[in-house]
There are 2 protein chains.
Amino acid sequence: MNDSPGDPSTTARPTLKTIAYMTGLGVTTVSRALSDAPDISQSTKERVRLVANQIGYRPNRAGVRLRTGKTNVISLILSIETEVLGLTSHLVYGLSERLRASPYHLIVTPYSVDDNSLDPVRYIVETGSADGVVFSRIEPRDARVQYLHERGFPFATHGRSTMGIDHAFFDYDNQAYGETAVRLLAERGRRRLALLPPPAHLTYATHMLVGFTSGLARHDLLEVPLHQVTSDSPHEKIMSVITEMMTSPNRPDGIVCASASSAIAVISAAEDAGLVIGRDFDVAVKDAFNMMRKFRREVIVLHEDFRAAGLGLADAVLRLIDGENATGQQIIQPPRPG
Amino acid sequence: MNDSPGDPSTTARPTLKTIAYMTGLGVTTVSRALSDAPDISQSTKERVRLVANQIGYRPNRAGVRLRTGKTNVISLILSIETEVLGLTSHLVYGLSERLRASPYHLIVTPYSVDDNSLDPVRYIVETGSADGVVFSRIEPRDARVQYLHERGFPFATHGRSTMGIDHAFFDYDNQAYGETAVRLLAERGRRRLALLPPPAHLTYATHMLVGFTSGLARHDLLEVPLHQVTSDSPHEKIMSVITEMMTSPNRPDGIVCASASSAIAVISAAEDAGLVIGRDFDVAVKDAFNMMRKFRREVIVLHEDFRAAGLGLADAVLRLIDGENATGQQIIQPPRPG
DNA sequence: GGACCGATCTGAAACGTTTTAGATTTGCCC
DNA sequence: GGGCAAATCTAAAACGTTTCAGATCGGTCC
């Protein structure tokens, strides 16, 4: 088949060998020239780079990976049921935007909330299928954070843990959100507020609750407790709970919602009960899509920027991979008026 | 370091060599045993499999990939500006759900609409960075479809081309959507309809237009033309065009929208103009999130199932990789009442 | 008893890369 | 002109896998 060894006339993908053949150098030299090693002469480097560009050489990822163990992959771990719905798409947007200029590829690793959330993380570490990992839905004593931290594996989380491990994260300031939302409701003259909280096991549930209650105290408002429902509950479940609450004698006149999708359920139920949003009842909500702001302008909207989160998380992971310390890789994003 | 060669006591990740050492077999035998080759005895196969399971052996992807060229990767190519917004998350959901049980990983390859859409496809083919590829925003004579088809590279598209290439696709029946939407509007007594169409260069724009106009003809309705705006136009742009249209003397009494996000702009503008949806004006829309149905029940909603699309596309690509023919890998999903 | 066969196993090579451990050349010093 | 250092290059090994081309061993056939 091959007339002369290393003959580059073939249509196959160029390798180091191809360049070596074309320049008359050894494969080692070519490799070192391309990686800008100190013991290669300037002229050789230039010649090699020229040829490499001409023939469109790109290092074979499998070769690099096999030899060095470096995968050039960042893995985004997603809970299929709760996360792939909407918000996350902006996160993917931000992540891939940042990764596009880098040699890294973004791979999406899904898991089901029925599974142990540690499984995908363990899989990635054990099989070495990524250089860094990003995930969310963080708990105060998150097993994944602990696992990765112990092993020194680069990771950044959307949300944070609170067990004293100094890890990279990007978090929305949910405490400030709670406070601000309450303040805005108070400014509209609302006196009796409910909170539709995130699932209690997630760290940011606590943050939001703290903000909410401190806001209540500051503005001297009353809390109307809301039980057995979170922003993750199914639409119908939220609606039925809100309906019940709205028809009770001491109904709230305002509510702080932890998510846009749950706010939709709240609004539907409230309107079904004959209330007019903005007149009888006010709703505050975090909105990533700007959909609320555009669609239901009577709703009180605070913006949460998931794209910025993606950018920040990608940045952090890349820096960790480059050997930087996790200290200083913590970003808390303040709520912005929608 | 290593006392005995191949000593498995080390904490390192097990390889074929580890199993070979433990069973006293050769590496070749172990490899062939695991791949169920015919010239390995049953007892050996069982013994090898047992040990492999015990020590949690997983083939090194880089090794396999380097040797065989198989990447075990499916690439989803996304236009960052228009696609990562919402709808696509369900597509990712479906894709990864189907791929989870397979050895394939899903990697997300973003591109900007400013770039040549062929670039990411070419990159993947040239660098061999995936075994199959999925993308959308298909044009009638799509360059990517042609490129991949010529090279026999496995791919499936969300939407279809119309140049006679028999490729795998999953498409929503946008013609039926157009017809049905018009029918539903007609049933509500609407007589003068507008269409907020998809960008004209995409295949499904034609389909939707055909359905729309045939629906108009069948129910003997009038078309109110809508110019210089598509469902991809910015929110503000759509609003201003709709506002202008709504204040004109021969305004439509109903509209068919190509996307949920554009419908939001339409509704906002209509309400700003003092119209009440469902009374003065009706809006028909495709909704993937079920958000419209839950939120604005006066809107006429037809459901588009992106998760099913993801499942179908993953299925198709896997089958193509397995050597099946593209014929028969075409699915057209009918619109479903929201 | 020699040839042959089937069943079962295996060494070596190869995929493309990086790194280790030199090899070669040149110039300089004494 | 021998020794030495600096500059520049390179062969070979290794990462883990699959595959090619046998090797080995009983047994069978004539």
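Only a predicted model underlies this, so the values are computations on that prediction, with no experimental measurement involved.
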Measure from CG on B:L25 to C1' on D:dA23 and round the result to the nearest Å.
16 Å
Looking only at heavy atoms, what is the nearest atom pair of A:G132 and A:I321, with distance?
N-CD1, 4.2 Å
Quickly, which of A:R144, A:R137, A:H167 forms a side chain to side chain donor-acceptor pair (under 3.5 Å) with A:T157? Name it, please.
A:H167
Give the rounded distance in Å between these two atoms: CG of A:L16 and P of D:dA14.
20 Å
Of A:V27 and B:V27, the one whose closest nucleotide on DNA chain C sits nearer the 5' end is B:V27
Non-hydrogen atoms of A:F135 and A:D142 that approach each other most closely
CE1-OD1, 4.2 Å
Looking across every strand, which nucleic acid part, if any, lies under 4.0 Å from B:G63 by heavy atom: base, sugar-phosphate, or nothing?
base
Nucleotide D:dA11, atom P - distance to NZ of A:K17 in whole Å:
12 Å
So does A:Y123 get a backbone contact from the side chain of A:T127, meaning a donor-acceptor N/O pair under 3.5 Å?
yes
What nucleic acid atoms does A:T15 come within less than 4.0 Å of, heavy atoms only: base, sugar-phosphate, or nothing?
sugar-phosphate
Could you tell me how far apart A:D39 (CG) and D:dA5 (C1') are, to the nearest whole angstrom?
15 Å
Does A:T68 put a side-chain nitrogen or oxygen below 4.0 Å from OP1 or OP2 of C:dT17?
no
What's the CZ-C1' distance between A:R65 and C:dT17, to the nearest Å?
14 Å
Would you say the base of C:dT19 and the side-chain of A:T28 have a donor-acceptor pair closer than 3.5 Å?
yes
Any base atoms under 4.0 Å from A:S41, or only sugar-phosphate, or nothing? Heavy atoms, all strands.
sugar-phosphate
Please determine if B:D119 and B:R122 form a salt bridge, counting it only when a charged side-chain N lies under 4.0 Å from a carboxylate O.
yes
Between C:dT17 (P) and B:L66 (CG): distance, integer Å:
9 Å
Rounded to whole Å, the CD1-P distance (B:I40 to D:dT24) equals 17 Å
Figure out the OH/P separation between A:Y21 and D:dT10, and round it to whole Å.
16 Å
Kindly indicate whether the side chain of A:N60 and the base of C:dC15 share any N or O donor-acceptor pair separated by less than 3.5 Å?
no
Taking N and O atoms by type only, does the side chain of B:R67 place a donor or acceptor under 3.5 Å from a partner on the base of D:dT17?
no
Looking only at side-chain atoms of A:R32, point me to the closest of D:dT18, C:dT18, C:dT19.
C:dT19
Heavy atoms only, 4.0 Å cut-off, all strands: where does A:T44 land among base, sugar-phosphate and nothing?
sugar-phosphate
If each of B:G24 and A:Y57 is mapped to the nucleotide of DNA chain C with the nearest heavy atom, which maps nearer the 5' terminus, i.e. the 5' end?
B:G24
